[in-house]
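All chains are named by letter (A, B, ...) in the order of the sequence lines, taking the proteins before the strands, and each is independently numbered beginning at 1. Heavy atoms only: backbone and side chains are in, while hydrogens, waters and symmetry mates are out.
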Amino acid sequence: MLSISNLHAAYGKVEVLHGISLEVPKGKVVTLIGSNGAGKTTTMRAISGMIKPVSGTVMLGGKDITGLDSHRISRAGLAHSPEGRRVFSTMSVNDNLMLGAFPRLTGSRPKGDVNADLEKAMELFPRLKERRTQLAGTLSGGEQQMLAMARAVMLNPDVILLDEPSMGLAPILVDEVFRIIRNLKERGVTMLLVEQFAAAALNVADHGYVLENGRIAVSGPAEKLRDDPAVKAAYLGG
Amino acid sequence: MEILLQLLFSGIALGMIYAVIAFGYQLTFATSGTLNFGQGEALMLGALVGLSLVSTIHGGPYLNFWLMIPVVMVFGALQGAVVEWIGVRPAIKAKSEFGWIMSTIALAIIFKNVAENIWGKDDLTFPSPVSATPFHVFGANVQLMQVLVVIGAIAMMLAVELFNRKSIYGKAVVATSNDPDAAGLMGINTGMVITFSYALSSATAAFAGVLVAPLTLTGATMGTSLGLKAFAVAIIGGLTSGMGAVVGGLILGISETLTGFYVSTGYKEVPGLVLLLLVLAIKPAGLFGKAAIKKV
């Protein structure tokens with residue numbers, strides 16, 4: 001579904017990604033783990049068009065989306081729940097969710113039943129239900145994270161990128177975030193997940209990639225990575 | 001007492017014109033963090049194009065006043081889009097922090113020169129669409145056109161507010177002002193939103209131009225001081241608050257007419273501008289503005 005090959009990306013003259021290749025098959029959850037500064041978020045940004053890759057290709061369902069503007073990539077069917085949540089703080093929860101469906105509401109993606117999907121999102125993220133009319137800026141960090149994820153789901157995308165969904169959350173909320181990811185997976189949603197909680201991420205994922213200094217160091221089926229001594233030592237706390 | 005009331009009425013009409021122009025400044029600031037310093041010239045062009053359509057100066061009249069308004073607004077929108085396209089977009093692309101200031105001022109001067117060549121340097125009279133004979137409210141003289149200015153200004157701002165709140169495209173505009181990167185991830189073409197905000201802002205100014213023209217003299221220089229004072233209003237009220245634009249506009253408009261009568265017309269602009277200096281010193285975000293903390 002999402003296929004990245006030999007992706008290079010840079011901030012100014014400093015190259016951060018030195019040729020990343022990875023595959024996210026349809027219906028699977030793939031996780032990208034690695035320490036701070038390894039290039040996880042940069043990879044996500046280069047995929048979704050927030051930054052332009054220097055070279056390499058990004059294919060979405062057979063379509064080349066490399067270097068397109070982010071709004072075109074979104075319309076092509078890739079949703080990105082970015083690091084730091086980035087909800088629209090002066091707008092209501094409902095409006096944030098409707099904006100998630102913007103390409104559907106404006107004719108650049110099949111419309112489907114947006115209102116029904118809104119209700120489904122409320123079921124999936126019950127914390128948002130009682131806060132529908134509240135401004136997103138007044139939500140707690142956990143609720144904002146739920147909103148950012150729900151907003152991505154509202155696109156009805158082919159692939160969702162989730163960048164550090166558990167960042168800065170209390171342990172009970174981290175559990176809820178992973179419960180939701182699992183739930184989405186059961187519904188057949190294709191996801192690329194960047195996480196600091198490598199163990200939890202490898203538990204929910206089918207496949208994993210370990211990023212070190214802008215290169216893929218190890219990759220393989222998630223259960224294999226969980227038992228890999230080197231991965232264990234570096235990312236799973238022994 | 002009647003005189004005071006009369007001054008208040010004139011001040012309110014003038015203040016609402018300032019408010020509409022200030023509102024236009026806010027529209028582009030919200031989406032792009034940039035301002036069109038040619039806002040006054042957009043007003044002037046709107047008034048003069050309107051004049052050509054409703055008067056005999058260019059072989060007309062072609063339209064009556066009311067039908068002319070939408071035509072002038074379309075013209076204003078195109079003019080604003082051109083400003084964004086030539087003056088602002090390159091600066092945003094180059095991440096130039098100040099480039100747009102010079103380029104919008106340069107375009108404003110060019111527009112003024114063009115207007116001087118087409119419509120001449122002398123002020124012209126704009127035919128009033130309604131009876132200019134004043135009627136009395138509590139003994140004070142009020143012109144119907146002044147009432148129309150107030151109604152038109154409020155209607156314009158409410159229409160934009162309604163669009164922003166109710167339509168998905170309006171929500172896309174608000175989302176872009178919130179966080180352009182995140183808006184892009186939602187599939188919103190933020191470049192288009194910025195162009196749109198410039199078009200809307202200049203259309204608003206052109207609308208203000210044809211509203212104010214029947215009450216004042218119309219000519220190539222009419223916009224400069226209106227644009228500048230409306231900028232002061234936008235700063236006094238806060239660049240992020242529609243309410244601030246209205247209150248700021250009324251403060252400046254009323255203080256001008258009062259000072260003009262009770263002190264001296266030579267000093268009429270002083271109190272409002274002193275207020276501007278005070279606001280900048282004490283509450284730089286404006287009376288109604290939220291503190292603008294620059295994100296890095």
With a cut-off of 6.0 Å (strictly less than), are more than 12 heavy atoms of other residues, nucleotides or ligands near OH of Tyr11(A)? yes
Quick check on the structure: residues of residues 180-198 of chain B within a heavy-atom distance below 4.5 Å of chain A, by number. Asp181(B), Ala182(B), Ala183(B), Gly184(B), Leu185(B), Met186(B), Gly187(B), Ile188(B), Asn189(B)
Pairwise distance OG(Ser92(A)) to NZ(Lys171(B)) - rounded to 0.5 angstrom: 6.5 Å
When heavy-atom pairs shorter than 4.5 Å are enumerated against chain B, which of Asp69(A), Thr90(A), Leu105(A) gives the highest number? Thr90(A)
Got more than 12 heavy atoms from elsewhere within 6.0 Å of NZ, Lys185(A)? yes
With chain B as the partner, which of Ile73(A), Asp95(A), Leu155(A) has the greatest number of non-hydrogen pairs under 4.5 Å? Asp95(A)
Quick one: which of Arg72(A), Arg151(A), Met98(A) has the most heavy-atom pairs under 4.5 Å with chain B, could you say? Arg151(A)
Should the heavy atoms of other residues, nucleotides or ligands under 6.0 Å from NZ of Lys111(A) be counted, would the total exceed 12? no
Pick whichever of Ala152(A), Gly100(A), Ser89(A), Ala79(A) has the most heavy-atom pairs under 4.5 Å with chain B. Ser89(A)
Flag yes if more than 12 heavy atoms outside Lys283(B) fall under 6.0 Å of its NZ atom; otherwise flag no. yes
Check the surroundings of atom CZ in Arg165(B): do more than 12 heavy atoms from other residues, nucleotides or ligands lie under 6.0 Å from it? no
Side chain proximity check, Val174(B) to Phe88(A), heavy atoms < 4.5 angstrom: no
Return the CG to CE distance between Asp179(B) and Met91(A), rounded to the nearest 0.5 Å. 12.0 Å
Against chain B, label Leu99(A) side chain, backbone, both or neither, depending on which of its atoms sit under 4.5 Å from a heavy atom there. both
